[in-house]
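Take a look at the structure below.
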Amino acid sequence: MSPANASPSMAATASARSGRESANRDRLLRLPIMTTPRLRASLDGLPAYKAGQRPAQRSDIVAYKISSNENPYPPLPGVMDAVMRAAADMNRYPDPFSTRLIAALADRFDVPAEHLALGTGSVALCGQLVQAVADPGDEVMYAWRSFEAYPIWTQIAGARSVQVPLLPDERHDLDAMADAVTDRTRVIFVCSPNNPTGQVVHRDELIRFLDRVPTDVLVVLDEAYVEFVDDPRVPHGIEVYRDRPNVAVLRTFSKAYGLAALRVGFAIAHEPVAEALRKLALPFGISTIAEEAAVVSLGHEDALLERVDGIIAERQRMVDALRGEGWRINEQQANFVWLRLGDQALDFAAACETQGLTVRPFAGEGVRVTIAEPEANARFLDVAADWRSAHSG
């Protein structure tokens, strides 16, 4: 019923409610300044996680969000039907153990169910891992630039970040990371493919690195983008974890599987680490809808690989076109491309925005651009070509 058709009694009730709410707001604003609850000092200056922004609505052109590395394809076959069926039980709590998904993952990756832990995206599992191993004052190591959640979770735990600069080609400097290990090092994140530079760690250098790291230091192989890797020199972390109790592997359904909105990530680790992750997990964090969507997605690997192959082909097309325009693009192995722009990153992002493209700038460093719909990719290449032409002199 519209407000114009509301009965007098309904209108009076709404007016009274609005008056009470206004009075409550005024009273709160007039409260005297008092001592506030004491919060943890370690939260002072905590950087905010910067998610990719949604594009502004445009009437002249179609706007594209190419800032969050989302999958441009719809859910895999059968997922929508499973979600609709699961939604009928939304009045019930989900299975706290996500039994069906754990069983499906154990079967798919040939690992014991006891070696699996779930989280609301792999980003949540990053935080659980830091909480599991790092006390205040302990050290959490990772390459930089890498995934921006690592310093956030480290600071929340009261631990100390040890950031090891990337190599000139923007790959992990694993030798320098091994050199930086101390008796306070508790966890090392190795992000491969690295977010946001798109570079990978090769098998020989990873094994050499792991051989140097003390076995009581947890090494986390963050493989959120592993499905997009086509470099044969890159190992899948699950191969490595099997023989090394101090290695944990993170995966997600948000990227290749296209379930970003449902927030499902998983860790594969030996039982003491996996058990700690389960203890720290948010109760009922994986909804029934999310669990069903993930289980069905796992059963459609052929369709998944077909879509991944399409994204890889489009990635290579973009890389080739950018290099042809004179851009320096390192090898890319994720579902995005990285442009090292330094101080011009924000200006380039603004130029993209004028053309209805929202990219992800990292001020003073570069811009990350998701492989998206072909129309969005083509428009981005036009913007990049124009930018290169205007700034090459």
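Keep in mind it's a predicted model, so treat the numbers as computed, not measured.
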- With sequence neighbours left out, which residue pairs that include part of residues 294-305 fulfil the salt bridge (charged side-chain N to carboxylate O under 4.0 Å, His left out) condition? Arg108-Glu301
- Is there a path of hydrophobic side-chain contacts, each under 4.5 Å between heavy atoms of I, L, V, M, F, W or Y residues, that connects Leu166 with Tyr142? no
- Message: Among Gln199, Glu331, His202, which residue satisfies the side-chain hydrogen bond (donor to acceptor under 3.5 Å, both in side chains) criterion with Arg171?
- Response: His202
- Is the number of heavy atoms from other residues, nucleotides or ligands within 6.0 Å of CD (Glu306) greater than 12? no
- CZ on Arg317 to CG on Asn377, rounded to 0.5 Å: 6.0 Å
- Query: side-chain hydrogen bond (donor to acceptor under 3.5 Å, both in side chains) with His115: which residues, sequence neighbours excluded?
  - Reply: Tyr241
- Residues Asp204 and Arg233 bridged, charged N to O under 4.0 Å: no
- Message: Between Ser192 and Val200 (side chain of the first, backbone of the second, donor and acceptor by atom type, cut-off under 3.5 Å), is there such a pair?
- Response: no
- Message: If the condition is side-chain hydrogen bond (donor to acceptor under 3.5 Å, both in side chains), which residues does Glu170 pass it with, not counting sequence neighbours?
- Response: Asn330, Trp338, Arg340
- Which residues satisfy the side chain to side chain contact (heavy atoms under 4.5 Å, CB included) test with Asp138, sequence neighbours excluded? Ala134, Asp135, Arg184, Arg186
- Message: According to ring-ring contact (aromatic ring centres under 6.0 Å, His included), who are the partners of Phe284, at least two apart in sequence or on a separate chain?
- Response: Tyr93
- Message: Quick check: is Leu118 connected to Val249 through a chain of hydrophobic side chains (ILVMFWY, heavy atoms under 4.5 Å apart)?
- Response: yes
- Separation between NE2 of His270 and CZ of Arg242, rounded to the nearest 0.5 Å: 9.0 Å
Run the side-chain donor-acceptor check on residues 217-224: report pairs under 3.5 Å with partners two or more places apart or on a different chain.
unit_1 : atom_1 : unit_2 : atom_2 : d
Asp222 : OD2    : Tyr150 : OH     : 2.6
Glu223 : OE1    : Gly237 : N      : 3.2
Glu223 : OE1    : Arg251 : NE     : 2.9
Glu223 : OE1    : Arg251 : NH2    : 3.1
Glu223 : OE2    : Gly237 : N      : 2.6

- Item | Nearest heavy-atom neighbours spanning Ala178 and Phe209 | N-CE1, 3.8 Å
- Query: What distance separates Cys126 SG from Leu250 CG, expressed to the nearest 0.5 Å?
  - Reply: 5.0 Å
- Is the gap between the ring centers of Tyr225 and Phe336 under 6.0 Å? yes
- Residues in ring-ring contact (aromatic ring centres under 6.0 Å, His included) with Phe253, at least two apart? Tyr257, Phe266
- Can you run down the salt bridge (charged side-chain N to carboxylate O under 4.0 Å, His left out) pairs that involve residues 112-131, sequence neighbours left out, and say none if there aren't any? none
- Query: Can you check whether Trp327 and Phe380 have ring centres sitting under 6.0 Å from each other?
  - Reply: no
- Taking the side chain as C-beta and beyond, is there a heavy-atom pair between Pro151 and Trp144 under 4.5 Å? yes
- Crowding at CG, Asp343 (>12 non-hydrogen neighbours, <6.0 Å): no
- Task: Give every residue pair that meets the salt bridge (charged side-chain N to carboxylate O under 4.0 Å, His left out) criterion with at least one member in residues 268-287, sequence neighbours excluded.
- Result: none
- Query: Once you round to the nearest 0.5 Å, how far does CD1 of Ile268 lie from CG of Leu125?
  - Reply: 11.0 Å
- Query: Same cluster for Val123 and Leu277 if Ile/Leu/Val/Met/Phe/Trp/Tyr side chains link at under 4.5 Å?
  - Reply: yes
- Pro193 side chain near Phe228 side chain, heavy-atom distance below 4.5 Å: no
- Between Phe348 and Trp387, is any pair of side-chain heavy atoms under 4.5 Å apart? yes
- Message: So, applying salt bridge (Lys or Arg N to Asp or Glu O under 4.0 Å) with Lys65, which one of Glu353, Glu70, Glu373 is it?
- Response: Glu70
Would you tabulate the side-chain donor-acceptor contacts of residues 319-326 under 3.5 Å, counting partners in other chains and residues two or more places apart, or write 'none'?
unit_1 : atom_1 : unit_2 : atom_2 : d
Asp320 : OD1    : Gln316 : NE2    : 2.8
Arg323 : NE     : Ile329 : O      : 3.1
Arg323 : NH2    : Ile329 : O      : 2.8

- Working to the nearest 0.5 Å, report the span between CG of Asn246 and CG of Leu210. 7.0 Å
- Note on the structure: Sequence neighbours excluded, the answer for side-chain hydrogen bond (donor to acceptor under 3.5 Å, both in side chains) partners of Arg160 is Glu139
- Qualifying salt bridge (charged side-chain N to carboxylate O under 4.0 Å, His left out) pairs, either residue in residues 79-104, two or more places apart: Arg100-Glu292
- Message: Using the side-chain hydrogen bond (donor to acceptor under 3.5 Å, both in side chains) definition, which of the options Glu148, Arg145, Arg368 pairs with Asn195?
- Response: Arg368
- Message: So, taking the atom named CE in Met141 and the one named OG1 in Thr185, what distance separates them when rounded to the nearest 0.5 Å?
- Response: 4.5 Å
- Message: Could you tell me if the side chain of Leu206 sits less than 4.5 Å from the side chain of His172, heavy atoms only?
- Response: no
